Asker: 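Provided herewith is a single structure, encoded as structure tokens, for subsequent inquiry.
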2 protein chains.
Amino acid sequence: MTVRRADAQRNYARILAVAEAEVAAHGAEASLEQIARVAGVGSATVRRHFPGRRAMLQAVFHERVEALCARAGELEGAADARAALLEWLGALTTYAASARGMADVLVPDGQAGADHANACAAQIGGAVEPLVRNAAKAGAVGQDVTVADLVALVTGIALATERHPDPVAEAHRLLALAVQGISPRLPGNDDGTAADQVRHRPAQEVR
Amino acid sequence: MTVRRADAQRNYARILAVAEAEVAAHGAEASLEQIARVAGVGSATVRRHFPGRRAMLQAVFHERVEALCARAGELEGAADARAALLEWLGALTTYAASARGMADVLVPDGQAGADHANACAAQIGGAVEPLVRNAAKAGAVGQDVTVADLVALVTGIALATERHPDPVAEAHRLLALAVQGISPRLPGNDDGTAADQVRHRPAQEVR
DNA sequence: TACGATACGGAGGCCCCCGCCAGTTAGCAA
DNA sequence: TTGCTAACTGGCGGGGGCCTCCGTATCGTA
């Protein structure tokens, strides 16, 4: 693959456009065959440009991921580190909940090349890291909170609300809940009965 | 179907056992065909007992759901309503994160019969409702927090950590984060710069 | 223009889900 | 015990999807 041939580029663009529409319509389950048919190319061609569904989804959501990274960059110098982080989390939530299939791309792959398992997540991780650091410095989040944690949480929320009538609104409700805390132990509210650590494993291993 | 014939019951039990193993091995994606093959029955038989993958998963996790409901019943009269709720959330997290595919069952169906869309979730909802009410009365959670919210949150966490090396531990980490709040606005910590409400929708609609 | 590299797409293999059908068997009644 | 009937069973075929191979068409360049 020295330089991409012109027809290949044309096809790539067309397939990508179709893929976007198809994913928007059918979510992450969109059929590669179907994309090929609509795009008027052979299924092998689709497969050549996007080896695997995941690659296709990553390409489809590439722009959005970049937009999120850019947003993180803008917010990096904000005066209120906490507000900046929350703003960004809100943006991520909106994206993940409104673009069907995006959450699936953000969830760690687990398959094969575990190192670069997930280009998108890594890219986001790098861009958002400063936001989290700033927020941690300001005491707005715990020191041990990582970007991966936050992304995982939002991703999970998006996945869990995917089928909801209004996924975006519902996702934001849950995000707000998680941001404020389901049941935070407030300083001065400690009645000593403790049990504040959520039990790590209940009675016995699930069989 | 007046009364189940004895052989049908035998088959059901065998298929269910195989299904459990298969789901444990391959998660929610487990193949019905494969289950039939291992169980030594025709695929039509499997299909008759479990019309659709979802039904199969519900049957597989039925025991676990009941166990969770029972746990909720035990905890209902606990002195510390907050601790009881957290305990139960921890148990739910452990189950959802350790039993692959269970989280998928808990996520609302969205398909077809929207009313009884999700028997498991409804069952849990009923059983856990008192726990949440007690916690709300004690001021441990907001008045507007529903069982569905909590289940959705935990389900999302489980989905997002499914591929993690140690899903249970990771899920519990995220649960703890959500319980304490990513960045709760603490009373007396209000510096007035506000922006505490997570923006509902960023600048523009995601295109 | 002619040639080599590159990209294309159809075909075939494999698996899965689904519905239909005729054969078989369990359970009940005489 | 012997039928009878309804329930249960499992194989078969259709419809798709994913993936790979390989002959062919096209592009870029000398």
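Since the structure is predicted, the reported quantities are computational estimates derived from the model, not experimental observations. A note on names: the letters A, B, ... follow the listed sequences, proteins ahead of strands, and every chain is numbered from 1.
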Asker: Please indicate whether B:Glu66 has more than 12 foreign heavy atoms, meaning atoms of other residues, nucleotides or ligands, lying under 6.0 Å from its CD.
Answerer: yes
Asker: Using whole Å, report how far CZ of A:Arg5 lies from C1' of D:dT29.
Answerer: 13 Å
Asker: Between A:Phe50 (CZ) and D:dC18 (P), how many Å, whole number?
Answerer: 14 Å
Asker: By a strict heavy-atom criterion of less than 4.0 Å, which residues belonging to residues 27-42 of chain B are in contact with DNA chain D?
Answerer: B:Val41, B:Gly42
Asker: Could you walk me through whether B:Val107 and A:Leu159 pass the side chain to side chain contact (heavy atoms under 4.5 Å, CB included) check?
Answerer: CA-CA 8 Å; B:Val107 74; A:Leu159 288 176; over 6 Å; no
Asker: To the nearest Å, how far apart are A:Glu22 CD and D:dG16 P?
Answerer: 14 Å
Asker: Could you tell me whether the phosphate oxygens of C:dA7, OP1 or OP2, come under 4.0 Å of any side-chain nitrogen or oxygen in A:His49?
Answerer: no
Asker: Identify which nucleotide among D:dC27, D:dC8, C:dC8 has an atom closest to any side-chain atom of A:Ala6, counting heavy atoms from C-beta outward.
Answerer: D:dC27
Asker: Round to the nearest Å and state the distance from B:Arg14 atom CZ to D:dC8 atom C1'.
Answerer: 13 Å
Asker: Any Lys/Arg nitrogen of B:Arg71 or B:Glu87 sitting under 4.0 Å from an Asp/Glu carboxylate oxygen of the other?
Answerer: yes
Asker: Rounded off to whole Å, could you give me the CD1-to-P distance for the A:Ile15 and C:dA7 pair?
Answerer: 12 Å
Asker: Is there a side-chain polar atom (N or O) of B:Asn11 under 4.0 Å from OP1 or OP2 of D:dC8?
Answerer: no
Asker: So, OP1 or OP2 of C:dC8: does either fall under 4.0 Å of a side-chain N or O from A:Arg48?
Answerer: yes
Asker: Can B:Phe50 and B:Leu32 be said to form a side chain to side chain contact (heavy atoms under 4.5 Å, CB included), step by step?
Answerer: CA-CA 9 Å; B:Phe50 309 113; B:Leu32 297 183; 5.8 Å; no
Asker: Indicate, with a heavy-atom threshold strictly under 4.0 Å, whether B:Ala44 touches base, sugar-phosphate, or nothing.
Answerer: base
Asker: Rounded off to whole Å, could you give me the CZ-to-C1' distance for the B:Arg47 and D:dG11 pair?
Answerer: 14 Å
Asker: Verify the distance criterion only: is there a donor paired with an acceptor across the side chains of B:His26 and B:Ser31 at less than 3.5 Å?
Answerer: no
Asker: To the nearest angstrom, how far is A:Asp7 atom CG from D:dC27 atom P?
Answerer: 6 Å
Asker: For the pair made of CZ in B:Arg10 and P in D:dA7, what is the distance, rounded to whole Å?
Answerer: 18 Å
Asker: Are any non-hydrogen side-chain atoms of B:Thr146 and B:Val132 less than 4.5 angstrom apart?
Answerer: no
Asker: Donor-acceptor pair, distance only, cut-off 3.5 Å: does the side chain of B:Thr45 make one with the backbone of B:Val41?
Answerer: no
